[in-house]
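Have a look at the structure below before the remarks.
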Amino acid sequence: MALPGNRVHFGYRDNIAQPDVDGAPPRKHERAYDPDPLNSVKTGEFLLGYPNENGGTYQVQPPQLSTNGSYAAFRILEQDVPLFDSILSQGAASSGLSTEMVAAKMCGRWRNGNPLVLAPDEPGPVLPNASLNRFHYVDAQPERDDTLGLKCPVGAHIRRNNPRDEGVVGTSARHHRIVRRAMPYGSEYDPVTPIAEQRGLVGYFINANLRNQFEFLMQQWNDDATFVKSAVGPAGPEAGNATLNISGQDVFLGINDPSVSSFTLPGVGAKGSGNTKLQHFSRSVITRGGVYCFFPSITGLRYLANLS
């Protein structure tokens with residue numbers, strides 16, 4: 001059941017951050033779309049048989065199934081809306097921020113979809129679709145730089161899953177992108193007249209290499225806080241260091257054991273002295289089902305259909 005405004009049950013506008021695939025035709029209804037060079041990824045990261053970001057190709061045997069095939073992780077993700085609302089309220093109380101600002105900091109976007117990097121103080125009018133993904137984190141100009149996560153926290157959901165030009169251990173963000181196709185299930189939650197039923201998100205996470213893309217994101221960047229390289233902004237080390245401005249796991253996709261869970265709101269100060277930590281919150285998204293799938297191409301389907 002689609003929710004009004006293309007939202008998920010936590011209130012965020014969804015299906016915004018899809019990668020631009022090199023060589024793909026213009027997006028439907030967006031003929032004037034200007035791809036973001038930081039968001040552009042080689043075709044072989046999503047389809048077998050094409051060059052990927054490593055300069056090779058992902059393939060399977062027999063070769064008839066290789067070209068234009070892909071893999072996907074299908075997941076049923078239950079979302080506990082009352083619990084998430086309480087997490088926001090507790091975060092607001094301990095930080096002095098509004099609940100909407102806490103929601104934006106945890107995600108990296110306001111609930112209307114505008115990224116914090118482009119709208120750091122208030123949601124503002126909804127930006128054009130072509131602008132929603134056209135931003136970066138590292139810049140030599142102080143007013144545009146967000147190395148330390150003062151606008152969009154280093155541990156925010158969108159920054160963990162696509163660090164863009166942020167320094168990370170290992171390869172760049174381009175090596176770990178996925179295409180997501182998902183929709184909500186369950187009726188919209190109404191806090192005035194709450195109905196106890198299961199709500200959540202169901203969909204596919206599509207990539208050419210499940211281990212290097214989907215599993216990497218889930219196990220490394222979402223469940224760990226040590227992947228960010230040491231980096232200072234234009235103000236120098238006295239303002240802080242990116243590696244000290246992230247803690248815990250992803251608020252939405254992490255395990256978040258309340259005995260150790262934390263989310264860092266970066267502030268100005270050497271060695272993390274200006275930071276505020278939100279702690280001891282529970283997991284509000286639970287995986288209720290999942291399966292790995294192989295998507296053969298039309299040619300591959302014909303090959304399978306003709307097997308004796």
Side-chain angles (χ1 to χ4, degrees), residues 5-8 11-46 52-53 100-101 103-168 171-182 205-207 213 217 221-222 228-229 231 233-234 242 245-246 250 252 266:
N6 193 28
R7 293 178 293 109
V8 297
Y12 299 97
R13 182 180 170 192
D14 198 25
N15 288 324
I16 294 175
Q18 303 289 0
D20 293 318
V21 181
D22 287 356
R27 296 186 182 189
K28 188 177 181 181
H29 307 309
E30 294 185 35
R31 296 300 175 185
Y33 182 82
D34 185 18
D36 178 359
L38 283 177
N39 200 40
S40 185
V41 185
K42 291 189 180 299
T43 307
E45 293 295 310
F46 311 104
N52 56 38
E53 290 291 334
E100 284 305 303
M101 179 61 87
K105 291 287 188 180
M106 288 180 169
C107 179
R109 296 184 186 270
W110 296 96
R111 296 208 227 209
N112 69 358
N114 288 348
L116 281 171
V117 170
L118 301 181
D121 300 318
E122 59 183 14
V126 177
L127 295 171
N129 287 342
S131 301
L132 289 174
N133 282 321
R134 198 174 182 86
F135 61 89
H136 58 281
Y137 298 120
V138 181
D139 199 289
Q141 300 297 320
E143 67 276 8
R144 299 176 60 185
D145 181 72
D146 197 31
T147 297
L148 302 180
L150 302 179
K151 300 174 185 175
C152 176
V154 181
H157 175 70
I158 68 167
R159 195 157 173 169
R160 280 180 177 268
N161 286 278
N162 182 14
R164 296 178 180 266
D165 58 342
E166 177 181 59
V168 295
T171 55
S172 71
R174 284 193 175 94
H175 293 78
H176 308 292
R177 297 302 309 278
I178 57 175
V179 171
R180 188 168 60 86
R181 291 291 182 266
F205 300 81
I206 304 167
N207 47 217
Q213 291 165 271
L217 289 175
W221 289 353
N222 281 289
V228 177
K229 283 186 176 179
N245 288 3
I246 180 175
D250 184 75
F252 302 103

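Scope of the values below: all heavy atoms of this structure, side chains included, with no hydrogens, waters or symmetry mates. Computed from a predicted model, the values in this text were never measured in an experiment.
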Self-check item: For R180, salt bridge (charged side-chain N to carboxylate O under 4.0 Å, His left out) partners two or more places apart
Solution: D14
Quiz prompt | Partners passing salt bridge (charged side-chain N to carboxylate O under 4.0 Å, His left out) against E53 (at least two apart in sequence or in another chain) | solution = none
Quiz item: Between N133 (side chain) and I16 (backbone), is there a donor-acceptor pair under 3.5 Å?
Solution: yes
Exercise. Please list, chain by chain and in numerical order, all residues satisfying side chain to side chain contact (heavy atoms under 4.5 Å, CB included) with I246, sequence neighbours excluded.
Key: V154, R160, A225, F227, V228
Exercise. Starting at CG of N162, measure out to CD1 of I178 and round the result to the nearest 0.5 Å.
Key: 10.0 Å
Practice problem: Using side-chain hydrogen bond (donor to acceptor under 3.5 Å, both in side chains) as the criterion, list what pairs up with N222, not counting sequence neighbours. | Solution: N161
Quiz item: Could you give the distance from CG (L132) to CG (L118), rounded to the nearest 0.5 Å?
Solution: 8.5 Å
Practice problem: Indicate yes or no for a side-chain donor-acceptor contact from D146 to the backbone of K151 under 3.5 Å, with no hydrogens or angles considered. | Solution: yes
Exercise. Specify the closest pair of heavy atoms between L127 and P115, including all atoms of both residues, with the distance to one decimal.
Key: CD1-CD, 4.1 Å
Quiz item: With H175, which residues qualify under ring-ring contact (aromatic ring centres under 6.0 Å, His included), at least two apart?
Solution: none
Quiz prompt | E45/R174 salt bridge by N-O under 4.0 Å criterion | solution = no
Exercise. Return the set of residues passing salt bridge (charged side-chain N to carboxylate O under 4.0 Å, His left out) with D139 (not counting sequence neighbours), or none when no residue passes.
Key: R144
Quiz item: If you take all heavy atoms of W221 and P163, which pair is closest and at what distance?
Solution: CZ3-CD, 3.3 Å
Quiz item: To the nearest 0.5 Å, what is the distance between CG (D250) and CZ (R159)?
Solution: 13.5 Å
Exercise. Using side-chain hydrogen bond (donor to acceptor under 3.5 Å, both in side chains) as the criterion, list what pairs up with N207, not counting sequence neighbours.
Key: none
Self-check item: Atom pair NE2 (H176) and CD (Q213), whose distance is rounded to the nearest 0.5 Å
Solution: 8.5 Å
Exercise. Could you tell me which non-hydrogen atom of K105 sits nearest to which non-hydrogen atom of L150, and how far apart they are?
Key: NZ-O, 3.1 Å
Quiz item: Does a side chain donor of either D22 or S40 reach within less than 3.5 Å of an acceptor in the other side chain?
Solution: yes
Quiz item: Mind checking what makes side chain to side chain contact (heavy atoms under 4.5 Å, CB included) contact with V179, not counting sequence neighbours?
Solution: Q18, P19, F46, R181, I206
Self-check item: Minimum side-chain heavy-atom gap Y137-C152 below 4.5 Å
Solution: yes
Exercise. Under the side chain to side chain contact (heavy atoms under 4.5 Å, CB included) rule, collect the residues that match up with P128, sequence neighbours excluded.
Key: S131
Quiz item: Relative to F135, does R164 satisfy both conditions: NZ or CZ under 6.0 angstrom from the six-membered ring centre, and within 45 degrees of the ring's axis?
Solution: yes
Quiz item: Which heavy atom of P234 sits nearest a heavy atom of D145, and at what distance?
Solution: CD-OD2, 3.1 Å
Exercise. Output all residues satisfying salt bridge (charged side-chain N to carboxylate O under 4.0 Å, His left out) with E122, sequence neighbours left out; order by chain, then residue number.
Key: none
Quiz item: Taking only residues two or more places apart in sequence or in another chain, which ones pass ring-ring contact (aromatic ring centres under 6.0 Å, His included) with F205?
Solution: F214
Self-check item: ring-ring contact (aromatic ring centres under 6.0 Å, His included) against W110, all qualifying residues, sequence neighbours excluded
Solution: none
